[in-house]
Structure formats: structure tokens, C-alpha cells
Amino acid sequence: MPASELQRAELERLVQGLNPAQREAVEHLRGPLLIFAGAGSGKTRVLTTRIANLLAQGEVEPYQLLAVTFTNKAAREMRERVARLVSGVDGMWVGTFHSTAARMLRRDAERIGLTASFVIFDADDQRAALRRVLDDLRLDPKRHPPALFANLISQAKNELLSYDTIPLRGPQDELLGSVFRLYEELLARSNALDFDDLIVKTVGLLRSEADVLGAWRARFQQVLVDEYQDTNRAQYMLVSLLAAEHRNLAVVGDDDQAIYGWRGADVRNILDFKKDYPDATVIRLEQNYRSTQAILDAAHAVIRHNSERADKRLWTDRQGGELIAVAQLYNEVEEAEYVADEIARLIRSENRRPGDCAVLYRTNAQSRAFEDVFGRRRIPYRLVGGVRFWERREVKDCLSYLRFIFNPADAVGFARIVNVPRRKIGPVSVEAVVAQARAEGVDLLSLLGRPEGVPGLPRAAQAPLAVLGADLRALRLEMAGQTPARLLELTVERIGLDRAYEEAGPQREARLENLRELRGLAEEYDEYGPGEEALGRFLSEVSLRSDVDALDEDEQGVTLITLHMVKGLEFPIVFLVGVEDGLVPHRRAIEDPTQMPEERRVCYVGMTRARDRLYLTCAFRRHLYGQSQAAFPSRFLKELPASLIAPQNRGAAAVSPPRASFSDRLREQPIAPAAPAPTSSRYASGDRVSHPSFGSGTVVKSTLTRSDEELVVRFEGAGVKILSATLAPLSRL
DNA sequence: TTTCTGGGCCTACAT
DNA sequence: GGCCCAGAAA
């Protein structure tokens, strides 16, 4: 049987195995389609089978198909799974919103006043650019933090607003307007775009150039958008523009998993789809193939309190299974110890592997305790996010050099590389060079060839600048004839980046290792051959790569990941940690209750990642911002029916003597700490104390903090503990 | 003018 | 616990 026959049979088999709702989605060929796909409802299977079916039916050619996702990982997976079912899918466009837009933009950059060699500014570059702007405006960065403007500008762009179209409601907005305008001018001079621009400029391109829009519309006969609930206004517009004519638009999403409101995503895009396309077919996938009924019931108990949601409820035929384990531990270290104990136990007695387990937390900072404890206990783990590979200094330095070689107009990039390694060139020199380049209207590279012609440039900076200029020009000449990997190598050698890290002490090895890894990644672009195009591709894909993209399924180890990045993944065993008021829900949502529904969804997303077992943990004290504070179980925990919670409350005994049932005790805990700030110490070192769980001990140290008195106590039986004098059940001996 | 160092300050989630 | 900035030293 030829390969295509085999594939056809496989496709047929897949379609047969679908439930009725799934099959209806797969067999829908034309016209608008909205699929509400609940967590674990087989969404990816439906999407890939549907694409394969469209191709197999001869409905479209692969190149006429556009599928948009939010992560490269999802895109890669979709492409691979379709390729297994039909052959010749190379021309199909499957990518993230940002990479798809970047691809369209590079093709017609000059139509909207850009060149194809534009660079993409990441969050760091963006902040650096804003700092420059604020400096030019003589604004105090203390009173006007760059991050705030970055946020406001990003929000405006997400809604397709520009500095001249943002609504003015007060003097604050006028200030924003000027910062915004100068920021845009700086980016334009630098031939750079920020993340949001990729979408905004593409929308602008399609709106202003009718022939470009017409060509894309004619090409993409079928458009498919995943995670539609996470689209913002600009992304919505991009999709609408492309699909308006043929209306073969299929969107998939779940309003209960909308957790990106803070970056401009608007759930209404999915909730109002039927208004945009009244003839749309709406399909709900409510059968869950992932979790046990107990897990689904628990997740539903949390999400059901949201009022504005499309009514639906997941069900499964997986009855039985474990109840939800809820545990309150003393602090974040013991929380990690508890998780480690449980993982060790599951490996020992249930034949689980570390790779079956995941620890989900709200903030990256929470990973630390787990890294420490797992490291000590030799439990293998893989950390997703945190100090990201792409944000490591050596990686950024190296890429910044390549970016500047690629685009010598980039003043922000120039400022970044000019003194790495140390060249005794400071901000004053940089300012002089950038100002002169702007005045003469030449790029920075040509100016470096004649530093004596730059007014105001300190004498000491002239020679090193000339050397740097010669190196960069030499490297730029190599650009046409070398692959990205080779150019990277030449750059590291010529600039001496590896030598710069030689004295870097204990981090040296890690840094050099990261450089080697970066080189390995660059090698993936060897297939495009030498030249500018391959380099451009490497640089833009590298800046659009996300942390989950690097997540290797085969790699073994407990996954440590934030609740946001875990969306779309699943694990047999899930530990959702730090389920406390202040983390889940986050402090900001407690201050601003309009954000509460999204917090519920964050929690819901976390819970529904679990296949077989779900643990929810919280701590009694938590170390945050360098100081230890009282913590309180999340209000969401109190919404779980007691019948779903396992009667086990290990670890909780360390906090207070067991009474009644665990959920009863949760209900008794106050929501907010109300302890008055102590003015004088109640204990001194040497005091003898007794604790119901730890026994008797001696106070080693007493420290007054802002809201509490923190005690270090050495217990004879339980070792050294840090306790709160106002909260711990201590008595003097 | 640049580099170094100590102290104040904040600190989600991320393409 | 890390980042940014002010002030001192080179």
C-alpha cells in the first residue's frame, strides 16, 4: 500500500474514533465555525484532523491554509500531526501570531516605510528605548517609571491606537502622547519594531495596501485560529481582514481559559463571534478525556462562580480515582519538602516517574524553594521560564552584536554592545555618537570609522570606538558569505566575547556553555545557506521564541512552571502550590475585584492540567520580598465541596493541632491578616518556649519586622524553625 | 568620564 | 533577593 493510502486509512480511522461533536467539527468544510473546546476535550486532535480532512477532500491546497497559534510549540505540534495524515504540507502556514505577522511584514516592508532588515525589540530593548525617551524629555524615571509607559503603550497598540489617536482624558494622557510619539520615532530611526508592532504594522499594511490584502486573501482560503479567547483587538482585526471575503474562518477556544486579559486579550472576541458571523456553526466539546471526575468537579466548583461565561460543564466517563489532596504546610520550604515527599512516595509505591509530575505556581519567584529542595533531594527537575535562556547576559550580548551587524541603524542595540566587553566607553560617548549620526543622517557604523569628526566625543573614547568600528565593519562584510552559526563564531572570536567571560568567576562555565548552546541553535539555520536572509530569519525567530517552545517532552524530570505557561499542557500528577490569598488569587486582584474572574480562570487552568491526581497546597508563612509574612489559604479553596477533599491533612498538623475536618478549619481562618504592628519585642534570645508540635526550645534570635516579630527558635526535637511571635502558638516555659 | 560600591526599593502573568 | 541609582574613587 503506498504511503498516501496508509495515511488515508489512518485519517479514516481517526475520524471514526471521534465523538459526534468532534466529528461535526472535523467535517465542517466551509463557512464560519466556532468551537468551544473545554480543557482536555481533544482540541488538538480535532484541529489536526480537520486540517487533514480539508486537504484530503481536496477542499484546499496546503499553501492556501493559514493556522495561527500562540506558541511555536503548538504550531510545531500541529504541523507534525497533520504531516502524519497527509503528505506535501510544506507550503502550509502554521505559526504564531507574531511570527506569521513578521513573515508578512518582511515581504512588503518597504510598502510601509520599513526595510526588510528590521529588528525586533524585546522587553529589555523596549525599556531601554523608553529610558532614552524619558531622559530626552527630562522626566524623572522615579516618578514616571519606564515600565508603566511600556505597559500603556502596549495596551494602546493592542487596541490599534497610536499616539495621535489615544483618547485624551487628562494631562497624564498628554504626557503619554509625547512619550509614545518620541518612542515611535526612535523605533523608526532604529529600523526596529516591538512585539506589538508586528501585529499593528501588519494590520496597517493590509489596510493601506489593497493589492497586498487582496493577494493574501486570495491565497489563504482557510483560516484557523487556536486559543481564540486570548486574541486582542489587533489580532482580531488581523484575522478579520484575512477572512472577511471567503469567511472560511474556524476559531477554537475556551472562555474559561482566558488568562491573558492583562496583556490586552479580550474574551468578547470569542463570546461575540456569533455576532460577527451570525451564520456561524457553534460546536461545544464538553467531553473530557484527560481528568478524573473528582478533578473536573473540583475545577468546576471554582469556575462556576464566574458570571460572564458561556454555559458549559465538562464531563468524563472516567469515574473513580483519587480525591483532591489539600495540604497546608508551615512555609514555602516545607511546602517543597511535602511535594518532594509525595513525589518520592509516588515513585516508590505507584511506579510513577518524575516526568509524570508538575509543580504549578503563580509567580516565577516561587520556583526557588522547589529548585533548592529538589536539588538537595536529587529529584530531577526541569524549570520552564524563570531566568530565561534568551535573557541571559551572554546570550543577549552575542545576539545584540549580530543584530547590530544586521541592522547598523539600531541605536538601542548599539548602546547595549558598545561597552561589552569593557572599552571605557560610557553614556556620554554613546550620546555624542548617536546625536551626530542623527544630525548627519548616517548610520552609526559609518560614523565609527571617523570618531574624530564627532563633536563632544571624549578623547579617551576615540581609539576604542575606532577599533570597534573596524571590527563591526569587517564582520558586516562577512555577513553575505557566512551562515548565521559561522558569523556568530566569528563575532565571538573577533570581539573577544568568550574572553570577556573568562574572569567571570563561578558563572564562567555556565556562560561559555550557553554560548555553545546558542551556536547549536544557530546551526539549525545552516540549511538556508549563507547570507543576510538566513541571518534575518535566525534573529527574528530567536526573538519570538518562548520558553514553553523549548520544553522537551522526552526530557525527564519534574516540571516547574507558572500557571500561565502551563496552559495547553497536561500531567498525570499536578501540584498546584501557593494556593493562598495574595497568590491565587493574586494580591492585585484582591485590591481590584474586577480582576477576580481571571484569577478564577488561572486557578481553573491549573487544576484541569491534572490527569490522575491533583494536590493543592498552601503555606502558613511565606517568604516574599526578603521577608516572611503570614499567609492565608485561598478563598478558592473554601469553595471546594468537602466531599471532594481527601481526609488527609498531612503537614497541616505542624501549623496547629488538628481539630474538626480540614475544610472546616480553612473556613475559620481569617481572609486578611489583622495583626497590629508590634512596637517592642516580646521575646529575647535565650528565652525558653514551648510549641504544640515542635516541643520545647530556645529562642536564638528575635527580629522586629514591619508587621510582626520574627523568631528563630532551636527546638530540641524539631530543629531550627522561624516563627511569628504574633501567630505561632507559643508559650513561655 | 567611567567604574565601582553600598543602600534603598519593589517585586505577576509574557509574545 | 535582585535592580537601579547616587556618590566616591580612579
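Letters A, B, ... mirror the listed sequences (proteins, then strands); counts begin at 1. Predicted model only: the values in this text are computed from it and were never measured.
Minimum interatomic distance between A:N407 and A:N191 (heavy atoms only, all atoms of both residues): ND2-O, 3.4 Å.
Taking the ring centroids of A:H586 and A:W262, they lie at or beyond the 6.0 Å cut-off.
Across the protein-nucleic acid pair, A:Q155 atom CD and B:dT15 atom P stand 18 Å apart, rounded to whole Å. Taking atom CG of A:N364 as the reference point, atom P of B:dA14 lies 5 Å away to the nearest angstrom. We find that CZ of A:F195 is positioned 5 Å from C1' of B:dT15, with the value rounded to whole Å. Atom pair A:L148:CG and B:dT11:C1' shows a separation of 15 Å (rounding to whole Å applied). In this structure, the CZ atom of A:R127 is 16 Å from the P atom of B:dC10, given to the nearest Å. One atom, OH of A:Y361, and another, P of B:dC13, lie 10 Å apart when rounded to the nearest Å. Between A:I199 atom CD1 and B:dA14 atom P there is a gap of 18 Å when expressed in whole angstrom units.
Remark: ring of A:W262 overlaps the six-membered base ring of B:dC13 in a stacked fashion, centroids less than 5.5 Å apart, planes less than 30° apart. In this structure, A:H586 forms an aromatic stack with the base of B:dA12, since both conditions hold: centre separation below 5.5 Å and plane angle below 30°.
As judged by a 4.0 angstrom heavy-atom cut-off over every strand, A:N419 is placed among residues touching the sugar-phosphate backbone only. In this structure, A:R131 reaches the sugar-phosphate backbone alone: every heavy-atom distance under 4.0 Å involves primed, P, OP1 or OP2 atoms, never a base. Using a 4.0 Å heavy-atom cutoff across all strands shown, A:I259 reaches no nucleic acid atom at all. Counting non-hydrogen atoms under 4.0 angstrom, A:Q595 reaches a base of the nucleic acid. The residue A:R588 sits close to a base: some heavy atom pair falls under 4.0 Å. A:S99 comes within contact range of no nucleotide atom at all, as no heavy-atom separation falls under 4.0 Å.
Residues A:T96 and A:E599 each lie close to DNA chain B; by heavy-atom proximity, the contact nearer the 5' end of the strand is made by A:E599. Comparing A:L544 and A:V428 by the nucleotide of DNA chain B that holds the closest heavy atom to each, the one mapping nearer the 5' end is A:V428.
A:R132 places a side-chain heavy atom less than 4.5 Å from the side chain of A:V434. No side-chain heavy atom of A:D226 sits under 4.5 Å from any side-chain heavy atom of A:F70.
Between the base of B:dA14 and the side chain of A:R263 there is no donor-acceptor pair shorter than 3.5 Å.
Within a 6.0 Å sphere centred on CZ of A:R423, heavy atoms belonging to other residues, nucleotides or ligands number more than 12.
The side chain of A:R422 lies closest to B:dC4 when the candidates are B:dT15, B:dA12, B:dC4. Between B:dT1, B:dC13, C:dG2, one nucleotide has an atom nearer to the side chain of A:P458 than all others, and that is B:dT1.
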